[in-house]
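What follows is a set of notes on a single structure, which appears directly below.
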Amino acid sequence: MNMIARAFGWGVHPPENKSQSTAAPIQQAPVPSRLILPVQQHIGAPAEAVVEVGQRVRKGEVIAEASGFVSAPVHAPSSGTVTAICEHAVPHPSGLAETCILIETDGLDEWAERKPLADHATQSPVALLEHIRGCGVAGLGGAGFPTAVKLGSGARSNIEFLLLNGVECEPYITADDRLMAERARAVLDGAGLLARLVRPKRTLVVIEDNKPDAIRALRAAADGANVEIVVIPTKYPSGGEKQTIQIVTGREVPHGGIPADIGVICLNVGTAVAVRDAVIDGTPLISRIVTLTGNALGRRGNFEVLLGTPIGELLRHCALEDDRLDRLIMGGPMMGFTLPSRDLPVVKTTNCILASAVGELRTPGPEQPCIRCGLCADACPARLLPQQLYWYARASEFERAEKHHLFDCIECGACAYVCPSNIPLVQYYRYAKGEIRHAEQERIKAERSRERFESRKERLAREEAEKEARRKERREAAKRKAQEKSGGDDAAPALAPEIAAAVERVRQKKAARQRDDESDTGNADGSGS
Amino acid sequence: MILNAVSRSGLVLGLFAVCTVAFIAITAAATAETRARNAEMAARKSLYELVPAGLRDNDLLHDTVTAPAGGLLGNETEQPIHIARRNGRVTAVVLPVTAPDGYSGRIRLLVGVRPDGTLLGVRVVEHRETPGLGDKIDPRKSDWILGFAGKSLTDPEPPGWQVRKQGGTFDTFTGATITPRAVVRAVYRTLRHFEAHARDLPDGREGDPT
Amino acid sequence: MSMVLTAVLALMGLAIVFGAILGFASERFKVEGDPIVDQIDALLPQTQCGQCGHPGCRPYAEAIAEGEPHNHCPPGGEATIVALSELLGREILELDEEHGEEKPRTVAVIREAECIGCTKCIQACPVDAILGAAKMMHTVIESECTGCDLCVEPCPVDCIDMVEIPPTTRSWHYDLPGRNRQLIATDLRGSVGA
Amino acid sequence: MTEFALILVSTVLVNNFLLVQFLGLCPFMGVSNKLETAFGMSLATTFVLTLSSICSYLTYRYLLLPLDLVYLRTISFILVIAVVVQFTEMVVRKTSPLLYRVLGIFLPLITTNCAVLGVALLNLQKEHGFLQSAVYGFGAAAGFSLVLILFSAMRERIAGADVPEPFRGSAIAMITAGLMSLAFMGFSGLIRF
Amino acid sequence: MNGVEWREITRQGLWKNNPALVQLLGLCPLLAVTGTVVNALGLGAATMLVLSGSNLCVSLIRNLVTPTIRLPAFVMIIAAFTTCVELLMEALSFELFQILGIFIPLIVTNCVILGRAEGFASRNTPPAALLDGFMMGLGFTVVLVILGGARELLGQGTLFDGMHLLFGEGARGWRLHLLPEDYPGFLLAVLPPGAFIGMGLLIALKNETDRRLLARRRALEGRPVKGSKRVRTTGEIA
Amino acid sequence: MSNAVHVSSPHLAAGGGAQRVMLQVAAATLPGLLALLWFFGPGTLFQVLLCMFFGVLIEALCVLARGRPPLPALRDCSALLSGLLLGLSIPPLAPWWISAVGMLFAIGIAKQLYGGLGANLFNPAMVGYVVLLISFPVEMTQWSAPAGVAGASQAGFADAMQLVFTGATAAGDGIDGYTMATALDVVRANRLTLTEQELLAFPQFDDGIATGWFTVNLAFLAGGIFLLWRRLTSWHAPVAMLGTIAVLAFLFHANDPDRFASPLIHLFSGATMFGAFFIATDPVSCATSARGRLYFGIGVGCLLFVIRTWGSYPDAVAFAVLLMNLAAPLLDQYTIPRAYGHGAKRSSGS
Ligand SMILES: Cc1cc2nc3c(=O)[nH]c(=O)nc-3n(C[C@H](O)[C@H](O)[C@H](O)COP(=O)(O)O)c2cc1C
Ligand SMILES: Cc1cc2nc3c(=O)[nH]c(=O)nc-3n(C[C@H](O)[C@H](O)[C@H](O)COP(=O)(O)O)c2cc1C
Ligand SMILES: Cc1cc2nc3c(=O)[nH]c(=O)nc-3n(C[C@H](O)[C@H](O)[C@H](O)COP(=O)(O)O)c2cc1C
Ligand SMILES: Cc1cc2nc3c(=O)[nH]c(=O)nc-3n(C[C@H](O)[C@H](O)[C@H](O)CO)c2cc1C
Ligand code: SF4
Ligand code: SF4
Ligand code: SF4
Ligand code: SF4
Ligand code: FES
């Protein structure tokens, strides 16, 4: 086995706190009484609900269909009745509501017909990909990117490395660790399936050296298989896709590009297992492994949880001690976000629920001015200058921030972690990114408004010209007629009725212009119709 | 078209030129005399400061001989030596001197000497010494430079032509030894130069030392 | 006198030569057009609300190019003023309150049950963002509405409301730290302890 | 050669036009808000300053001096400068719209940049010859450009700072210029005349 | 020209649009010659003269010049006045002339003057232009003198030193020693950095005063009606 | 439970507050301070205390004038550190008001007018120092004679205190009796006229090194190494600065030892080490990126050498640093590191 990890200078060493949740093997979380399923649990277009309120669904049945190329379907995690399709708070830092499908479970956990891909070893890659897409597999490691899309672009490129990301560098989280230790075989099977799709030169599973069990299990299972196990030093955030790639291959994903551009494809180990389950067992993505940890929980460990399970129920299952609870975080302490309520579901990207006790997380002190010490820059895995980004973001000098590569920041939080002045740097960056995106949207909208305003003005001018032409014609016709009739006598009563009406309209309109608030009923020439 | 624009612009601008220049020229003509007088006065002023009215009746400004560059006077270029006379006899000489070793470069001085080799006085013409330290050689800042009046090669004796720190008789400023040292040395050299060339003075001396 | 004369002649000569050069250059190197108005217009928010005192953003852009103060556009607010200042090299001013105040972005919503179909709002809308025909119920195309509120006043039955655009998970983003200090300090146990 | 090198060091650092001699301060304050504009201004000034330094010298040497019209130096120099500036503007505008976008708005400002006339007058005062005048003009412009560019970079950083209300804008810029000038005092004495 | 206009021009020149504090024009002489009050006053007076004269002339000929030669023409007028002032100064106050050095001819390029010629005089009647020139010049001079006074006081502990250069021998005695004789003198104030910093503080002082005045006026008058200047982009609705 | 909504990750922090950095840097000056006290008498102690006092006072007043509570601003201890650094730079027996004026410019103008900690463009302590140097050259050039130099006498504790606060000792002496031109003064004043041997024969030198100053520099070097070891500052600026000085001094000295002082004198006298590790490293006014800091250090080194050798000032740390402060924002614009994924780096795996 050749070691190909490289030395790297960036990164931080936050206290790991992983042992709390590695004592017990992965357990099954109970089926909750109610499931909340957001139609969007991934990057891309939201799925479209295909069930109706009151409809009974069985486990594994599609309840929302993918609605675009970058989209993934949602399946019912258990059997029950759809009680509502409505706006419901979703796990998102904003705490805002999105469309969700609510299912009242019946406790039967009754499967719909499972459809494993028969003879997957001989199936064409296209069929394999279709199957994965149909099973709703999305990345379980980070942003939840639809896996079939990623694999598709991998299959089209010339892939040299298939990386299975088992780094799991965030403190507290052990879901991948336990998965690799307990289901090493499944991980490798998944790797094999993925390798069939993207045909890499080498397949690597990347693990940090603080997971000896997983490394041992995988090495044992990989014996003979065409998969290499790469152990890298423990350092946050080496699990970030770009960072893993850099450490393992020495390549950098180009700015604005994707890993496939440099011949790499990177998937979380959980995703690999999900692919395996989908293909071999015919199990769509309806559950995932979630680490439940934090000193406020009486019972800590890893659980296989149905998607849609309300977090409140999980916490109860883990004996949450309410009076000790300090923060409730979805994800790890470095990247996760605090949850504003407990009535939120577990989704495809939920890898951890951290219920910290008071005093457990060393939270930042009061914010002080940046002293430009540069510790943040030393820690930054993207080689940015966080202190400059902060300076520009704070002053809303977004142009400069972009020039300092704001959008290459992966929001890992290493900078904020080391900052002696306790500056919530990542929040500044998120604010700046949000404002820039917002301004861009405003600009696009302004552009459209300008066009619409201009075209309206053109239309009005055209209509006015036409009207003027008509009026002139009529007037001349009237004149001619009048001359013919009475030889120059232009007494009004003598006009033809329709002309009289027109003249009256014009007169009224003029009068109305003078009294702007008086309403007029003669709207025959209203321009809007 | 082009020609038209060219000639019109040219003409109007020309017209302006005529008016404005005439305006200036007339003012210039009207003030010419006063200005010339002022300029002359200014040039004389520093000389007159060194040579009191009682010692001269000639046109001090224009009665000059040329001091070559270099030598004991240390000037970079040829400079005029002004000669004061009364009743046709030389009463004083004003020598331009450059002290090369000031703290921040050269210091230009005018040194007034009587024919008998005693100093009438020393004035700084140009210097770049540190404000607040070395610039006290300027009589507007301190009276130090006035202390040269009456000194000669024999008063004090040559070993005394040093700043006090180096065993001489001349004071220095707090924190600044180099500037006074440069000035003292330059004045001393001037006196030596004067002594060496006293014979070359255009015509005799008035009032030999008695 | 001769002194005056040479002076006059010399300078006149100089001036005539220079004048001629410039006159020649002005013809030879003539260019037209002023792109600055387009650049100004590109920075205005195109709400077309008329609060600046001009019938639309472009006329105001022209007025700015002519020297009118660049702090008369409330929808653009501070951001627009800063951008204009940079473009024009002018001082950054505060928004002129006589023209209105900077408010969050809104859209018009017609309470459709009350709409009598008079088409007045349609005539008022600068960007044709209202659909409807005479005597029929009208609706606002939300994505096109600029929030100028010009349609509100003409409505005879007051059935148009300007509502703030609610944030979505896509449009939402973190605020500048410290902006909502009170909120941060607040104990949110109540809302979490479900 | 050393003479020209000395003139350059002197005008750029020791007797910097902006910070020590106080010449050309209006554009220094006016167009230093952005680095890009500062670059444009520097380019334009360097060109005009060098050219007008030469032209003024020629006018003086071959017109004013022979005719004994030295008192007309101000008016003739400013005329030369105005014409050089306006001519440059027209030519640039026609021949290179791109360059005009960068330099255009600065050119008229240069006429009233007293560094330009200052160079012409100082050339007289220092009795510079043709080449010396050209180098002096160029050096002055280089010093102007250097300080202007550094200053604008600093102002861009100040723009993000939480400066006390009354000092926002030109006041803090002035004070920054003062501190720059303080730093430039360090160069004093480098050239001993 | 009526009284309101008169007052407005005065206010603009002295305070609201003060060339030195607000427009930041004419900075070079402002900083270069304000080591003492007398220098400041001398240059201020010279500038005021040139400014008034050129404004008047430009206004008189404003309809004569085409855009092409506008700049050279104005500049020539200004240069003519400057040269005359320079010549007069050389004749009348030679020492001051020497101290102020090239900053007298440099009045030509004082941006205030060309700025007023272009921005005001070429669009207004001669009396208004003259008044504007005078007031702008006065505003400029006042700032010069204040800065000069502050620097002189801090730098050498005196005020009105050397006034005889401008007002004749009788003025020698005007010199005031406001600080004790052994005041060491704060050299920074008379050196270039002191000029910049002093000017910066002066501008800040004006900003602060303005802010207070505005706050007081607002408190007295109440806020302007918001949005009162709106027009209908889409015309009147029938 | 304090689930702060809308507070972004991370929810962990390692930072201990800016004051921890400042206080550690202050601690690192201790060896230097002790060496100064040893060689130049107790005066420096008064200067340091006075400067720290005025620094804190002025900082508090400025913040109050802005209508803000002063305690959070004082808590970061940066005014204290600036005061300490200025106090270490001014002559030990300078009158007390020197520190007041210096800190007024350091904190009041150079720091608070820009918005306080982190916003200043110029090194506050050095602004204070230069203002003092050009305004009060007499007071600022009167360095005490170092112990161990022939003819040097040292003011005792009581005398030093009286000299600082009243300008004269109880016996009525001024400070003249205790002062002496510094080694660099001697070099500056005589380098054009004397040979190297003659120069080094001055009492200020001993075995080719500057008596007293050599040890002081060694002590600051030790403090600097502590700073680097604790990662309180990056190595780039000091190392680049010292390297540049060493190289320039070596080249010139090798060429003409009579006109140009040796690297040993340049590196180990005056404020070289103090400047390299405590002044040029001020993170706020230095360049930002590692590359920028290298250039910054090189610039300081070059300017220092040029001004010391050809300029008016015998020591030039303050000017060199201020001049590079002035260039730092521009350096920052052109030394933005190549961010991840920018530029074609495509070395192949393994
Ligand atoms: C907007 C967006 C578009 C993406 N498009 C592709 C794509 O076309 N092909 C692909 O293989 N991956 C694509 N990705 C996936 C990324 O390469 C990456 O694998 C994924 O964002 C993992 O994110 P994480 O590091 O945050 O978990 C896309 C990601 C985003 C956010
Ligand atoms: C700072 C950071 C740390 C991450 N750490 C891990 C990790 O430890 N393990 C992991 O699988 N993905 C991690 N991710 C997500 C990966 O970048 C990447 O999105 C994921 O491995 C792609 O696989 P997926 O598409 O299967 O989710 C991290 C992302 C970021 C931004
Ligand atoms: C910044 C600075 C400027 C100085 N300027 C001068 C000066 O202009 N003239 C001078 O004689 N000494 C000047 N010195 C002092 C010399 O370096 C030297 O120390 C002094 O002349 C020795 O005098 P002392 O023996 O009386 O202390 C200056 C020193 C410094 C630090
Ligand atoms: C390594 C280090 C060096 C520092 N050097 C200085 C310094 O030279 N001068 C100073 O005023 N403050 C210094 N400080 C303190 C602080 O950064 C300084 O006051 C800021 O410039 C104020 O905004 C230093 C701080 C650190 C951490
Ligand atoms: S770690 Fe914090 S204090 Fe240090 S430079 Fe970065 S943001 Fe500034
Ligand atoms: S700047 Fe962004 S990428 Fe760099 S450390 Fe901070 S959060 Fe991570
Ligand atoms: S106020 Fe602004 S948005 Fe409204 S019309 Fe005027 S420029 Fe357009
Ligand atoms: S719908 Fe109303 S508010 Fe919206 S753009 Fe049209 S007129 Fe303006
Ligand atoms: S006064 Fe010198 S540039 Fe304006």
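Below, chains carry the letters A, B, ... as their sequence lines are ordered, and counting in each starts from 1. In this text the structure is predicted, and so the values were computed from the model without any measurement.
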Q. Heavy atoms, side chains only, cut-off 4.5 Å: are E/I197 and D/M174 in contact?
A. no
Identify all side-chain donor-acceptor contacts of residues 1-12 of chain D below 3.5 Å with residues at least two apart in sequence or on another chain.
{"residue": "D/E3", "atom": "OE2", "partner": "D/Q132", "partner atom": "NE2", "Å": "2.1"}
{"residue": "D/S10", "atom": "OG", "partner": "D/N15", "partner atom": "ND2", "Å": "3.2"}
{"residue": "D/T11", "atom": "OG1", "partner": "D/I7", "partner atom": "O", "Å": "2.8"}
{"residue": "D/T11", "atom": "OG1", "partner": "D/L8", "partner atom": "O", "Å": "3.1"}

Q. Quick one: CG on D/L18 to CG on E/L27, what's the gap to the nearest 0.5 Å?
A. 10.5 Å
Q: Heavy-atom distances under 4.5 Å only: say whether D/Q21 touches chain E with side chain, backbone, both or neither.
A: backbone
Q. Atom CG in D/L117, atom SG in E/C28: separation rounded to 0.5 Å?
A. 11.0 Å
**Q.** Verdict with supporting geometry, D/L79 and E/V75, side chain to side chain contact (heavy atoms under 4.5 Å, CB included)
**A.** CA-CA 7 Å; D/L79 205 62; E/V75 166; 5.7 Å; no
Q: Report the option among E/L205, E/N207, E/T109 that has the most heavy-atom pairs separated by less than 4.5 Å from atoms of chain D.
A: E/T109
Q. Under 4.5 Å between any side-chain heavy atoms of E/L188 and D/L182, yes or no?
A. yes
Q. So, for D/I75 and E/M76, which heavy atoms are closest and what is the spacing to 0.1 Å?
A. CD1-O, 3.7 Å
(Q) Nearest 0.5 Å, please: how far is CG in E/L191 from OG in D/S181? (A) 8.0 Å
Q.
Taking the side chain as everything from C-beta on, heavy atoms only, tell me whether D/F28 gets closer than 4.5 Å to E/L24.
A. no
(Q) Rounded to the nearest 0.5 Å, what separates atom CG in E/L31 from atom CG in D/L23? (A) 11.0 Å
(Q) Tell me whether the count of non-hydrogen atoms from other residues, nucleotides or ligands lying under 6.0 Å of CZ in E/F97 goes above 12. (A) yes
(Q) Quick check: do E/F196 and D/L19 have side-chain heavy atoms less than 4.5 Å from each other? (A) yes
Q | Heavy-atom pairs under 4.5 Å with chain D, option from E/A80, E/P193, E/A195, E/G26 with the top count | A | E/P193
Q. Under a 4.5 Å cut-off applied to non-hydrogen side-chain atoms, are E/L201 and D/F167 in contact?
A. yes
Q. With a 4.5 angstrom heavy-atom cut-off, which part of D/M180 approaches chain E: side chain, backbone, both or neither?
A. neither
Q: Over all heavy atoms of both residues, which pair between E/G200 and D/A171 is shortest? Give the atoms and the distance, please.
A: O-CB, 3.5 Å
Q. Could you give the distance from OG (D/S170) to CE (E/M199), rounded to the nearest 0.5 Å?
A. 8.0 Å
Hey, can you pull the donor-acceptor pairs under 3.5 Å for the side chains in residues 82-89 of chain E, sequence neighbours left out?
{"residue": "E/T82", "atom": "OG1", "partner": "E/I78", "partner atom": "O", "Å": "2.7"}
{"residue": "E/T83", "atom": "OG1", "partner": "E/A79", "partner atom": "O", "Å": "2.7"}
{"residue": "E/E86", "atom": "OE2", "partner": "D/R73", "partner atom": "NH2", "Å": "3.0"}

Q) Hey, is OH on D/Y71 packed in by over 12 heavy atoms from elsewhere, all under 6.0 Å? A) yes
